[in-house]
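What follows is a single structure, written as structure tokens, with notes after it.
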Amino acid sequence: MGAKKRHIFKVLALVISVFTSVFWAGLSSASSIDTKKTSMTLSMFQDPGRLDVVTQAATSLILWIPGNVYEPLVSFDSSDKPSPSVAKSWTVSPDGKTYKFEIDESRKFSDGSKVTAADVVYSLEQFKNGPILAYKGPFANVSTIKATKKNEVTIVLTARSRGFFRGMGTMAGLVMPASSEGKRNSNPIGSGPYKVVDYKPGSHIQFEYNKRSSAKKPAITSVKVRFITDSPASLLALRAGEVDGLPITSSSIWSRISSEGYTKDFRKILKPASGELHWLMVNQKLAPYNNPAFGKAIAKMINRDTYVAGLGAPKGAMVPQCGWGIMTARTFKPASKENCEIDYNPAQGMKEIVAAGLGDQVFEFVGLTDVPSLRLSADLITQQLQSAGLKVKRKDIPLAQYSSTIFNSRPPAYGLSLMGGSGTLADFVCLDQQKYGYQTYCSPEYTKLMQRADRATSDADYFKLISEANTLLQKDGVVIPLLARTGLGLYNKKLMGWTPPTIRVEIRLSDFRWEK
Amino acid sequence: MSIFLFRRFLAFLVAFFLTSILIFVLVRVIGGNPATTLLGEYSTPEAVREIEIQLGLDRPIVIQYFEWIINLCSGDLGTSFRSGLEVNYLLASAIPVSISLSIGALIVAVLIGFPLGIISAVKSYRGSGTALDFFSQIGVAMPIFWSGALLSMFFGVRLGLLPTGGWVGWSENYAQSLRHLVLPSIALGIGIGSVITRFVRTAVVEVMRQDYVRTGRAFGMSEYRALFSIGLRNASLPIVTVLGNIVSHLVGGTVITETLFSMPGLSRMILDNVISRDILVVQNLVMIIVVYILIVNFIVDISYFSLDKRLRVK
């Protein structure tokens, strides 16, 4: 009897302890959120100038508007798994050429109007026919976009395309009302969790919770994004408590961030290595740079580890890379003997230059005068090429001049240049030599591999073909990846909730919360 | 007087048209196609061409110039390529910021420059005068970005008394606007104040050596009384010229100050738009600054005319 009683007592004690711990865990997690603090101020080093996502592709815009003001047709998580968003369901025909999206009619835009199939058609047409080449990509195989019912959109493709469906979860799939035409520069309207209530060029964007959104009410309902163009000044503002976070820091202040204890006093967020890259671009259409030996030899002269170390970034903020990440960080691999198609061997590289009859040639290397984060990078590359014995003449020009001249002249200007940005493998697809005459690289083999990857029916096939394209890109030595800049953010230690982007590089404000 | 004014106004008009041509040409020479800049580097050539037509960049350059100058004179400053917003709207929000900063910096500069310049001149052969002279030289040599960063670190971060940057409109919160103005005004005003100190010192030392001051002192006037009642009016001529130049050159200082303190003013707007090659905004803003400088010089000329009786006799 005593043993039975003891047994009952033990079971009772266990039940009580489990209940108590669950209760306390729930209570502590609930009480750890500071519900009284519902606002935050973040800093950004660039003013987008205008807020229209259809005609403006600046990172300073993509960070704030897409993930907060708009919603895409379909959502994708970090492992590329689709889930309903503006479309509550969808069907695909067996041949993969016809998509039917059922629009969630309960969703409303911040101006109070209902989201309709006509709005979805309008939005997709905007991106399809818009001026930004990267947003047109998912529509490459689209023949028609029609509202077939009040709440149904049917999209017909000329060929199966993985890029199309994945694209509906990115910028190209954002949904906006047709009535927003002409007003988006200062007043974007979407169905996302926030709306823009004030945009003062050169000063700030003010977001407030969009009460009409069907998303759960965020813990932080009021967000101010201040434009602090001087990077050291943004660090001072963070230290003074005037801003609560710097979601993106310029690499020109990374050494200060490390040496002045910012990584200790603030929460450091390293974004996944998915988008921001540095790479060398060899112009395949301009002599003598178009000599196939040149690019391959250059690739042998660059030591990526030395390059990354020379930039002095905080640990993990820059990763040497010789392949390309594909939209998300899933396939990203840092440079290694296994994945680098061309090994570091400067002496061999120089021998190949001499053998190709280019030993006495002076090569122009173009850097940028007004992008501080790339100036040191260009210095490091120049040094490495000169140490290998290459005759390099450095030319520094402003970014705007570079952007406008490289793609407008035929053949494109500048033989060897350093690039930095959110490049993806899809950017080097070149369907038509004439139409894409402004591209510095145009390879039919590469384009074919990328097209086959787009039509692949299984993930395994897709990744195999992408990886082949990646290898070809490296072997051609026209686009030479150097590093993946993971991006470094600093936040107040009590400000939690940063989540990796899924649309492009957006910062989802609705995930943030203050902890007690 | 009227002939003098007429001549100055004629010079004003000539300067206006010559600088307008210079600005129009230079803005186009600095390179960069605004259409490509507007659309980004991955834009299609067709889209670039369409924007060029839309913005009138495909028309002959002479026609573009005359259209611009006619629109400018009629107050139509057009629409920004970059923001799609009217330049008048952008100006309306930026000008109050820059004017506030300029006035704030001038007040600081005058409060520093005049008293210190006079004290330094009166005590020029004593230790305190030499010390003031030394500090004014440091003030002139001190870059704004350095003094501004130090002020932000001390008053903003260390003491937490004043904001390190940003701006609140006068209509939103008067007290907050004032708080946001203090550090930038001091940062910009220190350098200008030091320049004024040196000019006031030189002018006053020169005047104090004149016979009429010596005569005044011989009649029993104190050094300061002789200076304030006789000397300063005569010392004011070169100071007015210097003040005119300083007001004109404030624009250069405000570029750094507005960037350093994240103020959405006119100078920072010019800088942002130069970088993004928004040529319409740049040429309009630079023209506005040219007109401002021409008006300041015009006022300086009139002040000179009223202060110096010899000019009126001529």
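The figures here come from the full heavy-atom set of this structure, side chains too, leaving out hydrogens, waters and symmetry mates. Letters A, B, ... are given to chains in the order of the sequence lines, protein chains preceding strands, and every chain is numbered from 1.
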Just wondering, more than 12 heavy atoms not from A:Lys264 lying within 6.0 Å of its NZ?
no
Answer yes or no: does atom CH2 of B:Trp146 have more than 12 heavy-atom neighbours from other residues, nucleotides or ligands under 6.0 Å?
no
So which of A:Gly49, A:Pro201, A:Ser203, A:Gly241 has the largest heavy-atom pair count under 4.5 angstrom toward chain B?
A:Gly49
If you tally heavy-atom pairs under 4.5 Å against chain B, which of A:Gln46, A:Glu242, A:His204 wins?
A:Glu242
[X] side, atom [atom1]; [Y] side, atom [atom2] - distance, nearest 0.5 Å:
{"X": "A:Leu236", "Y": "B:Ser262", "atom1": "CG", "atom2": "OG", "value": "10.0 Å"}
{"X": "A:Asp230", "Y": "B:Ile256", "atom1": "CG", "atom2": "CD1", "value": "10.5 Å"}
{"X": "B:Met263", "Y": "A:Thr229", "atom1": "CE", "atom2": "OG1", "value": "12.5 Å"}

Check salt bridge (charged side-chain N to carboxylate O under 4.0 Å, His left out) between [X] and all other residues, then give those that pass, not counting sequence neighbours.
{"X": "B:Arg59", "answer": "B:Glu67"}
{"X": "A:Asp52", "answer": "A:Arg184"}
{"X": "A:Asp198", "answer": "A:Lys200"}

Under 4.5 Å to a heavy atom of chain A? For B:Thr259 that would be both
Could you look at B:Phe145 and say if it's the side chain, the backbone, both or neither that has a heavy atom under 4.5 Å from chain A?
neither
Measure from the side-chain N and O atoms of A:Arg50 to the backbone N and O of B:Leu85, and report whether any donor-acceptor pair falls under 3.5 Å.
no
Looking only at heavy atoms, the pair that brings B:Tyr89 and A:Tyr199 closest together is OH-O, 4.1 Å
Select all residues of residues 152-166 of chain B having any heavy atom within less than 4.5 Å of some heavy atom of chain A, and report them by number, or 'none'.
B:Ser152, B:Met153, B:Gly156, B:Val157, B:Leu162, B:Pro163, B:Thr164, B:Gly165, B:Gly166
